[in-house]
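Step one of this worksheet: look at the structure below.
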There are 2 protein chains.
Amino acid sequence: MTLDSRTTWAAPAELIRTLQEARQLYRPRKIGRGHELYRQGECSTKFYLIDSGLIKISIFREDGTEVILEFMGSGTICGEGAALDRLARFSSAVAVEDTELLEFDTAGWSDEEQGMAPVLMALMRITALKQRVLALRLEQLFSREPENRIMELFHRLAQMAPQIPESSIAVLPQLTHEHIAAMTGMTRVTVTRALHRLRSRGNVIQHDGRFRLAGSTESVQKGA
Amino acid sequence: MTLDSRTTWAAPAELIRTLQEARQLYRPRKIGRGHELYRQGECSTKFYLIDSGLIKISIFREDGTEVILEFMGSGTICGEGAALDRLARFSSAVAVEDTELLEFDTAGWSDEEQGMAPVLMALMRITALKQRVLALRLEQLFSREPENRIMELFHRLAQMAPQIPESSIAVLPQLTHEHIAAMTGMTRVTVTRALHRLRSRGNVIQHDGRFRLAGSTESVQKGA
DNA sequence: CGGAAGGGGTATCGCAGTATACCGAGTTGA
DNA sequence: TCAACTCGGTATACTGCGATACCCCTTCCG
């Protein structure tokens, strides 16, 4: 476990040690510099404890730009978010250096039924979900255009909210412009203006004070 | 468990049910509208499952502005981040409505030594730590001035990195301007300019390609 | 019933970050 | 040894957001 001075993360040593001691749960692996450990969009139950080397974790935005979440060095963990909430990877991991790591697989972890295990598993999955949401919100803030920031927020909320069965229209929570501003990092004035444009473009429908999304499946129509 | 249409979050129902079934782990509680459930900066081992009502989760920035993370309604969980990683609350929770919730306490949870529990606990704490880091990075992106974004990133990295014992100077990971740009949501040009200003102000020292922080304890000197 | 507060629509202005382009220094590799 | 590439420094013009201020409408509450 050599120190790589470029890591941007660290986890408490005793927690890492606990994981290292569970030898029956992992197998060692190596990955060469420049190779991909996992890719955004994949599904997998595996996560990794890094022994030596350096892994870059990043999210690629729709427009191709890269949002770097972290450089993970030895004594850090990556990939556990998607391995726990069982959804698609929200980030990609590439080895910046030749890297040695321990590969864990959560596939059979729900089987244990005694003691605290079920509660811990449930709690862990929810925490992982929160981690995902935070990472995606972070990524959203890399949008410069107010319209995109708002639409990305709305699309996320649409996935959370109960859909109206008959239509493809999602009803969003009641949020004031000020709330939206405080969630997207803009001023209230900018939110008001951007919503205006979104309404005239037909991206958002307003109906007695509540927002609705038109066609919540596809992504925002960008500029052009 | 009534639906509040203003929640911006949801957790899978079966996970919530698992937690609700662990009756020995929680006690029911009520909190009146406008009252504080917990406050940023406190330490606590408690977390909450919301039964009905609405809780606003937000981070208050140094300049007093509020960053709203979520409105949590029934069937959601809050406060588990700090309850698991045992650090100070990074967010505040206020009841927007009269709210009924289940209060869990993680205080004695490390005692169990058999089966998967220790591994799950360790993994959960790391996941909680990641959640915290992501939330704080989200908050950082609400800074408009490039200098502040960079300094907040650097301060976070300084806490991760090993300090040099003799001096109060923290050595940061080797990051190119482009890396910093991809981590803070700015362009490379803006990063270059902002670093220039930070260096001339003495906030950052550059020494053969590596950044160092001067007096990493106190916060960035803002504008003025 | 009337005042206060909150929400939202709008205007003006200045400034600073983005986009883009170019250059030079240092490093790598054939 | 030279070419290719990366990294950082810098200049230009544009544009669109932040700050601020004001107005109006609705709701709430005494």
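Residue numbers start from 1 in every chain, and the chains themselves are labelled A, B, ... in the order their sequence lines are given, proteins ahead of strands. We use all heavy atoms of the structure for the numbers below, so side chains are in, but hydrogens, waters and symmetry mates are not.
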Criterion side chain to side chain donor-acceptor pair (under 3.5 Å) on A:Thr176 and A:Arg188, from CA distance to verdict
CA-CA 9 Å; A:Thr176 68; A:Arg188 204 265 310 161; over 6 Å; no
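Rounded to 10 degrees, the angle separating the terminal axes of the helix from C:dC1-D:dG30 to C:dA30-D:dT1 is 50°, with each axis obtained from five end pairs.
Between B:His196 and the phosphate of D:dT10, there is a side-chain N or O to OP1/OP2 separation shorter than 4.0 Å.
The side-chain contact (heavy atoms from CB on, under 4.5 Å) test applied to A:Arg193 returns A:Val189, A:Thr190, A:Arg197, not counting sequence neighbours. B:Phe90 meets the ring pair (Phe, Tyr, Trp, His ring centres under 6.0 Å) test with no other residue; sequence neighbours excluded. A:Ala11 is linked by a side-chain contact (heavy atoms from CB on, under 4.5 Å) to A:Trp9, A:Ile16, B:Ile126, counting only residues two or more places apart in sequence or in another chain. Evaluation of the ring pair (Phe, Tyr, Trp, His ring centres under 6.0 Å) rule for A:His179 yields B:Phe71 as partners, not counting sequence neighbours. The side-chain contact (heavy atoms from CB on, under 4.5 Å) search around B:Glu36 returns B:Arg39, B:Val94, not counting sequence neighbours. Applying the salt bridge (Lys or Arg N to Asp or Glu O under 4.0 Å) rule to A:Asp105 yields the partners A:Lys46; only residues at least two apart in sequence or on another chain are considered. A:Arg29 is linked by a side-chain contact (heavy atoms from CB on, under 4.5 Å) to A:Arg27, A:Leu37, A:Tyr48, A:Leu101, A:Glu103, counting only residues two or more places apart in sequence or in another chain.
Residue A:Ile150 contributes atom CD1, which lies 13 Å from atom C1' of D:dC17 at whole-angstrom precision. Atoms NE2 (B:His179) and C1' (D:dC7) sit 11 Å apart, rounded to a whole Å. As a whole-Å value, the separation of A:Leu195 CG from D:dC17 P is 13 Å. Rounded to an integer number of Å, the gap from A:Gln206 CD to C:dG7 P is 14 Å. Taking atom NE2 of residue B:His177 and atom P of nucleotide D:dG8, one finds them 4 Å apart after rounding to whole Å.
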Under 4.0 Å protein heavy-atom contacts per nucleotide of nucleotides 11-30 of chain C, with B for base, S for backbone only and - for none
BB----SBSB----------
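For B:Thr192, the listed nucleotide lying nearest its side chain is D:dT10; candidates were D:dT10, D:dC7, C:dG9.
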